[in-house]
Amino acid sequence: MTDFMSSLKIAATGLHAQSARMRIIAENMANASSAAKEPGGDPYRRRVPTFEAVYNSELQANQVEIGKVSYDMSDFQSRYEPGHPAADERGYVLYPNVNSLIETMDMREAQRTYEANLNVITTSRQMLGGTLDILRG
């Protein structure tokens, strides 16, 4: 029984971590086309989640947790838009360093990992139910 409960708890931490990852990706995608607020100002900067393996002594196993959320320090996109309120003296506006294609691929990977953890939970629950049925006779 404890092995079933351990697998449920470990998979639940995976669900939580991937859910947080999807929220960060969604925030990146939502801000992909937001320009700087003032001339020469910085626009939204892409955020990148990290994960940490944390040992759980009760389960005697590693669990995954969302780690520090860092910033992607790559260059911003620059577009020539002289009439834009945030245009600098040369007429360029800075836009976020978010690539929608990369974010979409990251989102798919996070969804698949979330689904894999969900399948672990579903299978563990089914096995636990089957074990209880056998024990009942």
Side-chain angles (χ1 to χ4, degrees):
M1 292 286 194
T2 59
D3 289 341
F4 291 122
M5 297 309 288
S6 295
S7 64
L8 287 171
K9 288 178 182 178
I10 292 167
T13 63
L15 287 175
H16 178 71
Q18 293 305 320
S19 177
R21 179 182 180 195
M22 287 188 278
R23 279 194 302 276
I24 292 167
I25 294 168
E27 182 180 319
N28 288 341
M29 292 175 85
N31 288 292
S33 60
S34 58
K37 295 183 187 213
E38 69 272 343
D42 286 346
Y44 175 84
R45 185 170 289 279
R46 179 177 183 253
R47 295 175 52 191
V48 181
T50 61
F51 298 101
E52 295 178 354
V54 178
Y55 184 75
N56 183 320
S57 57
E58 177 189 334
L59 300 175
Q60 297 181 350
N62 283 330
Q63 293 179 208
V64 65
E65 288 184 2
I66 191 82
K68 182 180 176 187
V69 178
S70 58
Y71 290 97
D72 179 348
M73 298 309 290
S74 63
D75 293 336
F76 293 119
Q77 297 176 28
S78 180
R79 296 184 198 150
Y80 183 69
E81 297 179 11
H84 194 284
D88 63 12
E89 63 279 351
R90 298 174 317 159
Y92 286 92
V93 179
L94 292 178
Y95 283 92
N97 57 345
V98 176
N99 182 327
S100 296
L101 181 61
I102 290 173
E103 299 302 324
T104 301
M105 290 170 44
D106 284 350
M107 182 65 83
R108 284 187 183 163
E109 181 182 343
Q111 287 172 328
R112 287 183 179 136
T113 307
Y114 186 93
E115 289 169 4
N117 282 295
L118 198 56
N119 286 336
V120 168
I121 290 173
T122 301
T123 302
S124 294
R125 288 181 64 197
Q126 289 171 347
M127 291 171 69
L128 183 58
T131 303
L132 291 174
D133 289 342
I134 290 171
L135 291 173
R136 287 186 201 137

Output the distance between atom [atom1] ([X]) and atom [atom2] ([Y]), rounded to the nearest 0.5 Å.
X      : Y      : atom1 : atom2 : result
Asn28  : Asn97  : CG    : CG    : 8.5 Å
Lys68  : Glu52  : NZ    : CD    : 10.5 Å
Arg47  : Tyr71  : CZ    : OH    : 5.5 Å
Arg108 : Thr113 : CZ    : OG1   : 14.0 Å
Arg45  : Asn31  : CZ    : CG    : 13.5 Å
Glu81  : Leu94  : CD    : CG    : 10.5 Å

Could you check Met29 against Thr104 for side chain to side chain contact (heavy atoms under 4.5 Å, CB included), going step by step and ending with a plain yes or no?
CA-CA 8 Å; Met29 292 175 85; Thr104 301; 3.7 Å; yes

Heavy-atom pair of closest approach, residues [X] and [Y]:
X      : Y     : result
Tyr95  : Pro43 : C-CG, 3.5 Å
Pro85  : Pro39 : O-CG, 3.4 Å
Ser100 : Ala32 : OG-CB, 4.1 Å
Ser34  : Pro96 : O-CD, 2.9 Å
Ala61  : Ile10 : CB-CD1, 3.7 Å
Ile24  : Pro49 : CD1-CB, 3.7 Å

So if you build clusters from Ile, Leu, Val, Met, Phe, Trp, Tyr with side-chain heavy-atom gaps below 4.5 Å, do [X] and [Y] land together?
X     : Y      : result
Phe76 : Ile102 : no
Leu15 : Leu8   : yes
Ile66 : Val64  : yes

Tell me which donor-acceptor pairs under 3.5 Å the side chains of residues 120-128 have, and how far apart each pair is, sequence neighbours excluded?
residue : atom : partner : partner atom : Å
Thr122  : OG1  : Leu118  : O            : 3.0
Thr123  : OG1  : Asn119  : O            : 2.9
Ser124  : OG   : Ser7    : OG           : 2.9
Ser124  : OG   : Val120  : O            : 2.9

Partners meeting side chain to side chain contact (heavy atoms under 4.5 Å, CB included) with Ser19 (sequence neighbours left out):
Arg23, Tyr114

Taking only residues two or more places apart in sequence, or in another chain, which ones meet Met107 in a side chain to side chain contact (heavy atoms under 4.5 Å, CB included)?
Met22, Ile25, Ala26, Gln111

Atom NE2 of His16 with >12 non-hydrogen neighbours under 6.0 angstrom:
no

State whether the number of non-hydrogen atoms from other residues, nucleotides or ligands found under 6.0 Å of Tyr92 atom OH is greater than 12.
no

Is the closest side-chain heavy-atom distance between [X] and [Y] below 4.5 Å?
X      : Y     : answer
Gln60  : Tyr55 : yes
Asp106 : Arg21 : yes
Lys9   : Glu58 : yes

